[in-house]
Amino acid sequence: MNKRQFLKGTGSILTGTMLSRFVSAAEQTTEQAAHQSTPRTNWAGNLTFHTDTLYQPKTVEEVQHIVKSCDKLRALGRGHSFNTIADSTHAQISLKQLDSIDIDAKAHTATVGAGVTYGKLAPIIDAQGFAVPNLASLPHVSVIGACATATHGSGSNNGNLATIVSGLELVTADGTLHTLSRAKDGDQFLGQIVNLGGLGVVTKTTLDLQPTFQVAQVVYENLSFSQLEKHLDEIFLSGYSVSLFTIWQNHQANQVWVKRRLDPGATSVPFAPEFFGAKQATQKLHPVPGHAAESCTEQLGVPGPWYERLPHFKLNFTPSSGAEIQTEYFVPREHAYEAILAVEQLRDRITPHLYITELRTIAADNLWLSMAYQRPSLAIHFTWKPEWDAVQQILPLIEEKLAPFNPRPHWAKVFTLPPAKIQHQYDKMPEYQALLKHHDPQGKFRNQFLDTNIFST
């Protein structure tokens, strides 16, 4: 995805813990952390990490040694979180170099190292005749980081990316390597997948695969929100994956992206020229009005492999640094229309500071800390301009409007909800807190984000 085109600019933002970070950091190429004066930030550039110590081990044994020798440590994925969930005041560990991919064709699984991104994984498993059921909009995120935060794609019948995890390899606080699995660990495994980095350092994950498939997508323009009152479920079920994009003006979604799976052996899939009053686009479009569409995946109904259609942006387009502030809230799908209308009341406050909002549906799951835990959900995603002073004033207003619908914020994006309200949204929060204490009794992997949002009252 061309993030420089999609989202231009960023500012220094306060995170879910509402703290700013401005410190220098360093990278290393061996097991021992090195130091340099260049500040090290997350990918978007909105957060400068709080530590100047970064470990980059090449083997699992090195990971074990580092974990055992550190008093405090946080695992860092590809830096695509927008808040301090991966930050540390002591040390971070990046597993980018652990990039193995092992496919078990008989079991229909792939076991991937912690450094593997979806962009690397997808074409490899597709070449072997396999697929994962869904992808996020951005393919450059790591598999393990995405699953640890319940990151998702779209589709009313599609769960978040973590729902296909069937196994984890984990280094706990004493340096011991553990193998966790759905088959062996039962109900506790449901709390170990979306773990927010609190259990230890995950070195590998095993994913359940399905046969490869083809997808075609088209874009429709100008869908009235009035259609959602009676047809919301029908609209979001009209494709395998459906996304609505809006700038909150004119009571409409500016674009509707409909992605449909082709039946095996089919060469095309039908799309009507009109969709609930919206007209099919006749040229390729970018979700943000006025932006060039060359970075976007193919549209106009042209079929292609699942991994070249489910993301909105091309896998082979490497994003540049700097670009956005992101916020996202999950509400029960049964209240989706009311929630959209509630946010729309703030349109004149939101639009001047917004690049785009995406509305997506996600299937319910049983993962303890998933934002879609035991409720089919609508995700209301905001991509903000680099105007944090204004955005931080807007977020509490949005959260207040969504309060009647019990919103759950995305763990890796910016929010201002008080910890008590967040904890109240998860029935399994006490069990998750106990799980963290069991795996990490001294709090080696806890940081201020976890201390604040998980353990404070």
Side-chain angles (χ1 to χ4, degrees), residues 13-21 23 42 47-51 53-55 66-67 70-95 114 142 144-151 162 168 170-174 178 180 188 190-202 326-328 330 367-371 373 408-457:
I13 72 168
L14 301 180
T15 69
T17 59
M18 301 307 293
L19 294 175
S20 296
R21 311 293 196 193
V23 292
N42 66 341
L47 173 69
T48 302
F49 293 121
H50 214 108
T51 179
T53 302
L54 176 68
Y55 294 96
I66 292 166
V67 169
C70 287
D71 293 328
K72 299 283 285 187
L73 188 67
R74 284 294 286 174
L76 177 66
R78 288 304 177 102
H80 284 274
S81 297
F82 295 85
N83 60 30
T84 55
I85 191 170
D87 195 18
S88 173
T89 58
H90 296 80
Q92 291 173 308
I93 183 169
S94 169
L95 276 64
S142 69
I144 286 177
C147 292
T149 54
T151 294
L168 294 172
L170 175 76
V171 177
T172 52
D174 62 358
H178 298 269
L180 312 174
Q188 279 218 330
L190 299 175
Q192 294 165 336
I193 302 173
V194 182
N195 57 63
L196 311 184
L199 300 183
V201 178
V202 177
Q326 287 191 10
T327 299
E328 189 169 35
F330 286 62
L367 306 180
W368 292 0
L369 257 63
S370 165
M371 291 83 69
Y373 176 74
R408 296 171 178 166
H410 193 300
W411 290 111
K413 299 176 183 179
V414 179
F415 52 87
T416 62
L417 281 171
K421 289 188 176 181
I422 297 172
Q423 294 166 25
H424 181 69
Q425 296 304 319
Y426 294 92
D427 294 341
K428 287 286 190 177
M429 183 62 74
E431 287 87 345
Y432 174 72
Q433 293 167 338
L435 195 65
L436 291 191
K437 291 176 182 177
H438 171 74
H439 281 274
D440 184 20
Q442 303 303 316
K444 177 177 288 192
F445 302 111
R446 285 166 56 174
N447 63 355
Q448 192 160 11
F449 181 94
L450 292 185
D451 286 338
T452 300
N453 292 299
I454 302 300
F455 288 101
S456 67
T457 57

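In this text the structure is predicted, and so the values were computed from the model without any measurement.
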- Just by distance, do the side chain of Ser142 and the backbone of Gly145 share a donor-acceptor pair under 3.5 Å? yes

- Check whether any side-chain heavy atom of Trp411 lies under 4.5 Å from a side-chain heavy atom of Ile85, and answer yes or no. yes

- Message: Could you measure the distance from the CD atom of Gln92 to the CG atom of Leu54? Nearest 0.5 Å is fine.
- Response: 6.0 Å

- Task: Can you measure from CG (Leu450) to CZ (Arg74) and round to the nearest 0.5 angstrom?
- Result: 4.5 Å

- Can you name the closest pair of heavy atoms from Asn83 and Ala412 and give their distance? ND2-C, 3.6 Å

- Task: Decide yes or no for Leu170 and Val201: does some side-chain heavy atom of the first lie under 4.5 Å from some side-chain heavy atom of the second?
- Result: no

- Task: Find the distance between NE2 (His50) and OG1 (Thr89) and round it off to the nearest 0.5 Å.
- Result: 6.0 Å

- Message: Contact between Val194 and Tyr373 at the side-chain level, heavy atoms closer than 4.5 Å - yes or no?
- Response: no

- Message: If I compare all heavy atoms of Ile193 with all of Leu168, which pair ends up nearest, and what's the gap?
- Response: CA-CD1, 4.2 Å

- Task: For residues Ala75 and Ala86, report the shortest heavy-atom separation together with the two atoms involved.
- Result: O-CB, 3.8 Å

- Query: Hey, does Phe445 have a side-chain heavy atom less than 4.5 Å from the side chain of His439?
  - Reply: no

- Query: OG1/Thr151 to CD/Glu328 distance, rounded to the nearest 0.5 angstrom?
  - Reply: 8.5 Å

- Task: Hey, could you give me the OG1/CG distance between Thr84 and Asn453, rounded to the nearest 0.5 Å?
- Result: 7.5 Å

- Query: Got a donor-acceptor contact below 3.5 angstrom from the Thr452 side chain to the Phe449 backbone?
  - Reply: no

- Is there side-chain contact between Thr149 and His410, with at least one heavy-atom pair below 4.5 Å? yes

- Step by step, would you call Asp174 with Thr172 a side-chain hydrogen bond (donor to acceptor under 3.5 Å, both in side chains)? CA-CA 6 Å; Asp174 62 358; Thr172 52; 3.2 Å; yes

- Query: Any side-chain heavy-atom pair from Phe49 and Asn42 closer than 4.5 angstrom?
  - Reply: yes

- Return yes when atom NE2 of His424 has more than 12 non-hydrogen atoms of other residues, nucleotides or ligands closer than 6.0 Å, and no otherwise. no

- Smallest heavy-atom separation, Ser370 atom then Ala150 atom, equals CA-CB, 4.0 Å

- May I ask you to check whether over 12 heavy atoms, not counting those of Gln442, lie within 6.0 Å of atom CD? no

- Contacts of Asn195 that satisfy side-chain hydrogen bond (donor to acceptor under 3.5 Å, both in side chains) - sequence neighbours left out: none

- Task: Working to the nearest 0.5 Å, report the span between CZ of Phe415 and CD1 of Ile422.
- Result: 4.0 Å

- Exam field: side chain Lys428 to backbone Leu369, donor-acceptor pair closer than 3.5 Å: no

- Task: Write down the atom of Asp440, the atom of Ala173, and the distance for their closest heavy-atom approach.
- Result: OD1-CB, 3.6 Å

- Task: Without swapping roles, check the side chain of Gln433 against the backbone of Ile454 for a donor-acceptor pair under 3.5 Å.
- Result: yes

- Taking the side chain as every heavy atom from C-beta outward, state whether Lys437 and Phe455 have any atom pair closer than 4.5 Å. yes

- Contact check, side chains of Arg408 and Tyr426, non-hydrogen atoms, under 4.5 Å: yes

- Least distance between heavy atoms, Lys444 atom then Asp71 atom: CG-O, 3.4 Å

